[in-house]
Amino acid sequence: MEGNRVLVVGGGMVGAALAVDLGRRGIPVRVLESRPPARPAGEEPPRLRVSALNRRSIEYLEAIGAWPALDGERLADFDEVMTWDIAGGGRLHFTADELGLDRLGLFIENDHLQASLLETAASLSAVQLDAPAGALDIQPGANGPRLTLEGEGELEPALTVAADGAASRLRDTAGIAVWEGDYGQHAVVATVRPRPLAGRQTWQRFTPEGPQALLPLANGNASLVWYVRPARARELLAMTEADFVQAVEAAFPIELGLIDTLYARGSFPIRRMHARRYWQGNVVLVGDSAHVIHPLAGQGVNLGLRDARTLAVQIAEAHRRALPLAHPPLLAAYERSRRPDNQLMQSTMSAFHVGFTAPFGPLAPIRGWGMQLADHGGWVKRRVLRYALEGR
C-alpha cells in the first residue's frame, strides 16, 4: 500500500490542507503529525500564534470542503488595513469597499485551522491520519531519504511531501540546499483584550526599531506584534505582566488604546529562507520547508496553501495518467509554477524591511511621499491590494 500513495510528513496547516485536497480527489495519502494541537473551543482565550487568510485561501478551504469544520465564533473578519511610518507624513489605507467586497480576509488561530483540517482529513476514506504519529527516523539512502516509523518499520511511499517546517529534516536529508538569512529581529507577540475592543481594522506602524501591528481577533480581542532587536525581546519577555503591558502601551500608537487583559506573550526570530530547488527524487517541498518570508504582511500561510493547491493538481494529473506520483516533469512543473510567486513575495517583504527600518534622515520624507503616492495611486493601489488578496 505504501508504494502507491503519498506520504505527507508534517500535518501543519499546509500539510493537512494538501492531505484534504488529495483525499477529496480519491488519491491515497498518509499524514504523519507528531504533535497535533487541541482544538480551541468555547470561552478559551485566543492562542498566541495566528494567521491572516486572504480571499484566495478562504476560497481554497471552501473548495476542498474544509470550511464547515471551522468555528465561526473564533474567526475575525477584517475589512480595513492602515499602514503608516512614524517619521513620514503618508498613510496607506485599504478598504474592502474599494473592491466592492464585504471583507478583505480574516484572522484565525493557527491551532484552530490546523485542528480543523486534520479533523476533515480524518473523515476521508482515502486519508490515513497518524496524529500523534510515532517517531520517524530519517536517514540518507541510495535512492533518497530512508524513512523508518517507530513500531512499523521502513516506509516506501510513491511520493514523500516534506511539510515539516523551516528546519525540515526531510529537505536536508534529501540533499536540497537553501538560501537563508537573518533579519536581526525578533517578533514579540501578545494576545490581549484591548480597550476599546478591536474592530474590523488591522493596522501596522513602522518605527526605527521595527514595525508594530494590531491584528483583530474574535470577540474584540487582538494579537499585537512588535518587531525588536533580540536583546530587547528578551528584556520584554522577562518583565512582569504589569511592566510588559505598560511598555506596550507606552510604545504603541494611540490607535491601540489600553490593554485590559494580557492572555499570553512570546517571541520568535525573524528569518528568511528559500530552497534552491523544490524537489529531489521522490521528495517534494511545500510551505515553510520550501520558503520562509518576513511575516510583515502575514502572507506565509497563504503562500503555503497555494503550494498545496498547485502540488495537488500535479499529483492528480500523474494519478489520472497512471504516471509515477514522483514523475519528474510534473514535480518540475510544480516548482516552475510556485517559485516565482514565492520569490516575489520574499523579495518584496525584504525590501519593505530594509526601506522602513533605515535610520531617520533623508529617507523619512521619501517613505512618506511614497505612501501618499501609493494611497492615491489608483491602479497601483488596486493592483497591490488584489495581489495581497488573491495572489495574482
Side-chain angles (χ1 to χ4, degrees), residues 46 48-52 76 78 80-94 104 107 183-217 220-239 241 243-271 293-300 348-360 363-364 367-368 370-371 374-375 388:
L48 196 59
R49 299 298 294 267
V50 303
S51 291
F78 67 96
E80 188 176 2
V81 178
M82 180 76 75
T83 301
W84 72 98
D85 182 3
I86 193 174
R91 288 197 175 211
L92 189 56
H93 186 212
F94 297 116
L104 296 178
F107 288 101
Y183 287 105
Q185 284 187 323
H186 277 55
V188 174
V189 182
T191 50
V192 304
R193 188 161 188 81
R195 175 164 38 99
L197 298 178
R200 293 170 63 100
Q201 182 192 73
T202 178
W203 53 255
Q204 185 163 239
R205 180 177 75 160
F206 292 97
T207 79
E209 189 176 35
Q212 301 164 337
L214 179 144
L215 318 178
L217 302 179
N221 296 312
S223 174
L224 304 181
V225 188
W226 188 1
Y227 297 88
V228 295
R229 294 292 181 186
R232 178 60 169 156
R234 292 190 291 270
E235 178 184 325
L236 287 167
L237 293 184
M239 290 179 176
E241 182 175 306
D243 287 345
F244 178 81
V245 168
Q246 186 176 36
V248 172
E249 290 178 343
F252 271 54
I254 194 171
E255 282 79 0
L256 169 63
L258 300 174
I259 296 174
D260 279 345
T261 306
L262 172 65
Y263 296 119
R265 53 178 159 157
S267 75
F268 56 91
I270 305 301
R271 298 183 57 80
I293 69 169
H294 197 297
L296 194 62
Q299 290 298 308
T348 301
M349 292 304 97
S350 292
F352 266 93
H353 170 80
V354 171
F356 284 94
T357 57
F360 289 156
L363 275 183
R367 293 191 301 235
M371 282 197 174
D375 195 44

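All figures in this text were calculated on a predicted structure; none of them were measured in a lab.
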### Query
Distance-only, no hydrogens or angles: does the Q299 side chain make a donor-acceptor pair with backbone N or O of H294 under 3.5 Å?
no
### Query
Does a side-chain heavy-atom distance below 4.5 Å link S267 with W226?
no
### Query
Is R265 positioned over the aromatic face of F244, cation under 6.0 angstrom from the ring centre and no more than 45 degrees off axis?
yes
### Message
Surrounding CZ of R49 (heavy atoms of other residues, nucleotides or ligands, distance under 6.0 Å), is the total greater than 12?
### Response
no
#### Entry: Side chain T261, main chain Y263, donor-acceptor under 3.5 Å
no
### Query
Can you tell me how far CD of E209 sits from CZ of R232, rounded to the nearest 0.5 angstrom?
6.0 Å
### Task
State, with a plain yes or no, whether a side-chain heavy atom of T83 is found less than 4.5 Å away from one of F94.
no
### Message
Do M82 and Q201 make a side-chain contact, defined as non-hydrogen atoms from C-beta onward lying under 4.5 Å apart?
### Response
yes
### Message
Could you measure the distance from the CZ atom of F107 to the CZ atom of F78? Nearest 0.5 Å is fine.
### Response
4.5 Å
### Task
Please report the shortest heavy-atom distance between F252 and V225, naming the atom on each side.
CZ-O, 3.7 Å
### Task
Please report the closest heavy-atom contact between P46 and L217, naming both atoms and the distance.
CB-CD1, 3.7 Å
### Spatial distance of atom CD1 (I259) from atom CD (E241) [nearest 0.5 Å]
10.0 Å
### Message
Give me the atom names and distance for the closest heavy-atom approach of G257 to E249.
### Response
O-CG, 4.4 Å
### Query
With the threshold set at 4.0 Å, does a side-chain nitrogen-carboxylate oxygen contact exist between R91 and E80?
no
### Task
Report yes if the side chains of P269 and Y183 come closer than 4.5 Å at any heavy-atom pair, otherwise no.
no
### Query
What heavy-atom pair brings V189 and F268 nearest, and what distance separates the two atoms?
CG2-CE2, 3.5 Å
### Message
Checking side chain to side chain contact (heavy atoms under 4.5 Å, CB included) between L224 and each of V192, L262, L215, T191, which is the one that passes?
### Response
V192
### Task
Write down the atom of A247, the atom of M239, and the distance for their closest heavy-atom approach.
CB-SD, 4.0 Å
### Query
Any donor and acceptor pair, going by atom type alone, linking the side chain of Q212 with main-chain N or O of A251 inside 3.5 Å?
yes
### Donor-acceptor contact below 3.5 Å, side chain T202 vs main chain L214
yes
### Message
Ignoring hydrogens, what is the shortest heavy-atom contact between A187 and I270? Give both atom names and the distance.
### Response
CB-CD1, 3.7 Å
### Query
Charged N to carboxylate O below 4.0 Å: is that the case for R195 and D260?
yes
